[in-house]
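Right, one structure below, let's go through it.
Here the structure is a predicted model, which means the values were calculated and not measured. Ligands are counted one by one from 1 in listed order, and the atoms in each one are counted from 1 as well.
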Amino acid sequence: MKLVTCCATNWGNKAPAIGIDLGTTYSCIAVWQNNRVEIIANDQGNRTTPSCVAFTANERLVGDAAKNQTDMNPTNTVFAIKRLIGRRFSDASVQSDIRQWPFKVVAGPNDRPKIVVSYRGEEKQFYAEEISSMILVKIKEVAEAYLDCTVKNAVITVPAYFNDSQRRSTKDAGDIAGLSVMRIMDEPTAAAVAYGFDKISKNTKGKNVLIFDLGGGTFDVALMSIRHGKFEVKATAGDTHLGGEDFDDRLVDHCVREFKSKYKKDLTENVRALRRLRTACERAKKTMSFSTQATIEVDYLYDGIDFSTRISQARFEELNIDLFARCIDLIEKCLSDAKIEKSRVDTVVLVGGSTRIPKVQQLLHDFFEGKELCKGINPDEAVAYGAAVQAAKLNGQGDREVQELVFVDVTPLSLGVETRGGRMTVVVPRNTPIPAKNQYVLTTVKDNQTRMPLAIYEGERAETTYNNLLGKFVLLGIDPAPKNVTKIDVCFEINADGILNVSAQDRSNGHKNKIRINNKEGRLGAEDIQKMMKDSEKYKAEDEEFRRRHDAWNSLEKYSYQMRSILRDNNITKMLSFSTKVNIEDAIGKTISWVEQNPLPQACESELKMNELKSICKPIDKEVNKK
Ligand code: AMP
């Protein structure tokens with residue numbers, strides 16, 4: 001990777017800001033350039049990069065390189081990290097994922113999941129934020145190589161249904177990666193921009209657009225109103241745990257059952273076999289989007305058995321029908337929250353790789369009574385596209401049309417405070433437009449009460465035990481008074497990233513306390529982030545060092561064989577004296593055995609050997625370029 005420190009002239013003094021779709025399975029990067037959005041291809045030429053990080057005995061791999069070696073190294077290849085970020089280890093969904101994953105996850109401090117891998121012969125543990133940051137560092141490098149400029153500012157998208165802790169953790173991952181996260185943007189809003197941006201000037205009447213985003217790990221639905229460049233979310237619904245990976249799981253389970261009944265063997269005991277089967281199942285699933293059947297075939301799957309089975313599209317649909325139906329239920333919930341009849345939806349926009357599944361499209365078509373589905377935008381790139389437009393706007397780039405865009409997101413879950421009897425008292429109802437600031441007045445419940453503990457929750461249940469605890473704090477210094485007299489103003493403030501701050505103030509004496517939610521428990525502290533930023537630099541330096549060693553070693557080997565082939569060409573060497581020839585031959589032979597006996601030496605050792613060999617081979621070296 002080229003080291004870039006200064007900006008190319010076409011950016012003037014302002015560094016560009018990028019839009020990042022940090023997906024469960026794939027991530028995508030885009031930038032506003034030449035008055036339009038450009039999708040940035042990675043070093044492999046791919047327009048999306050697998051959200052995958054692998055650790056080996058020698059190196060750390062990110063993206064395509066990591067995904068391509070998954071089958072060989074399943075326990076140290078980490079994927080679907082978006083399903084862990086901002087969650088607790090004891091969450092039911094985390095527990096069910098862990099059972100499926102070949103890599104190990106353990107409970108860390110404060111019930112936070114930690115991923116355990118073997119890296120360079122040592123056991124290492126990482127938080128989800130650190131793994132995500134490794135993907136983001138890769139993305140940053142890809143963007144920098146493309147733009148020939150240092151990139152810092154970025155907009156990162158998250159599912160609209162991500163809660164406070166998931167949003168904060170995503171932002172932390174960006175900080176660790178050395179990015180300055182200008183905004184955490186909702187994925188449906190970003191997708192709506194991809195759909196509606198070029199129609200703004202023509203669209204005077206306004207449109208109700210339903211964004212249906214079914215990706216690898218998450219499902220998001222949003223009802224948006226687009227009018228005169230204002231993209232307003234009316235309501236959102238979704239499931240942070242519903243997507244292509246679940247459909248793959250169903251196919252894997254199906255094959256495991258078939259294998260058991262045919263061969264009386266349990267595939268689930270073998271992590272590598274499961275991983276290879278999963279890859280084959282995902283391939284078959286994709287085939288079935290264009291064909292009525294597919295073959296799932298894996299040689300030497302388990303105990304030397306070659307596994308092969310045919311699956312029909314109809315059987316695939318049957319295996320997943322409850323999951324597909326759940327998507328439709330969530331659309332109904334979203335429409336009812338937005339108080340809009342389905343007949344008033346003008347367009348249904350399909351986003352996310354899993355919307356290619358014909359049954360999903362058919363169910364949508366039926367639900368909307370024949371309405372055309374908009375497949376005109378690239379489902380893999382739409383979210384990054386919208387993020388790039390938002391990034392340009394926040395960065396003061398782009399034309400007037402970009403600068404005049406307005407995005408209005410909403411809170412995905414109700415936010416509230418616990419009151420007497422474990423009751424959830426909602427302060428900010430779900431689907432409130434953000435940024436938002438709402439107040440609620442509490443009073444003391446005992447005579448002479450001088451302190452008031454507050455517990456902040458998110459969720460829709462009436463009892464707080466069933467909702468998600470975001471944080472607790474205590475307001476001290478309340479002046480003694482009879483109960484119900486002292487008034488405490490509790491203020492919930494949600495910023496444009498959807499992140500919440502809560503404060504409480506005694507009205508009579510002005511004493512105040514506030515918390516940034518989850519500072520201590522579910523979330524990383526500033527010190528943790530600093531440490532992880534340092535680690536991230538360290539890992540990057542280690543990767544670069546490994547590549548240097550590898551390259552130097554490889555070049556030495558290549559050069560030695562090249563010289564040997566030249567030496568064996570009589571036409572070239574007939575001019576040399578016998579002793580020179582023997583001398584060169586001997587030096588080449590020794591270098592080749594050194595290369596074989598010293599896998600991956602220090603780069604400087606290979607470089608030294610290279611210099612030695614080059615000086616001996618000088619008489620024939622000039623022939624290299626002619627060969
Ligand atoms: P995304 O997160 O939007 O990149 O979506 C990735 C998911 O889409 C993965 O689970 C893929 O297996 C799935 N996917 C991609 N192409 C297809 C296809 N042709 N048919 C079914 N699923 C697909």
Checking a contact table here: which protein heavy atom is nearest [atom], and how many Å away?
atom	value
atom 16 (N) of ligand 1	R356 NH1, 3.1 Å
atom 21 (C) of ligand 1	S289 OG, 3.3 Å
atom 2 (O) of ligand 1	G216 N, 3.0 Å

Give the numbers and elements of all ligand 1 atoms closer than 4.0 Å to a heavy atom of [X].
X	answer
G244	10 (O)
I357	21 (C)
G352	3 (O)

*Ring geometry between F259 and Y263 (parallel below 30°, tilted from 30 to 60°, perpendicular above 60°)*: tilted

*Y26 to ligand 1: N or O pair under 3.5 Å?*
no

Return yes when [X] approaches ligand 1 closer than 4.0 angstrom through a heavy atom, no otherwise.
X	result
T25	yes
F290	yes
S354	yes

*Would you mind checking if K234 and E232 are paired as a salt bridge, meaning a charged N to carboxylate O distance below 4.0 Å?*
yes

*asked:* Going by the closest heavy atom to atom 5 (O) of ligand 1, which one wins out of A382, S51, G353?
replied: G353

_If we set the cut-off at 4.0 Å for heavy atoms, which region of E282 has an atom near ligand 1: side chain, backbone, both, or neither?_
side chain

*Does atom NZ of K260 have more than 12 heavy-atom neighbours, drawn from other residues, nucleotides or ligands, at distances under 6.0 Å?*
no

_Main-chain N/O of G398 paired to K393 side chain as donor or acceptor, under 3.5 Å_ = no

Does some side-chain heavy atom of [Y] sit less than 4.5 Å from a side-chain heavy atom of [X]?
X	Y	answer
V105	L84	yes
W32	Y385	no
C52	K138	no

*Classify the side-chain pair Q166/Y161 by whether it contains a donor and acceptor separated by less than 3.5 Å.*
no

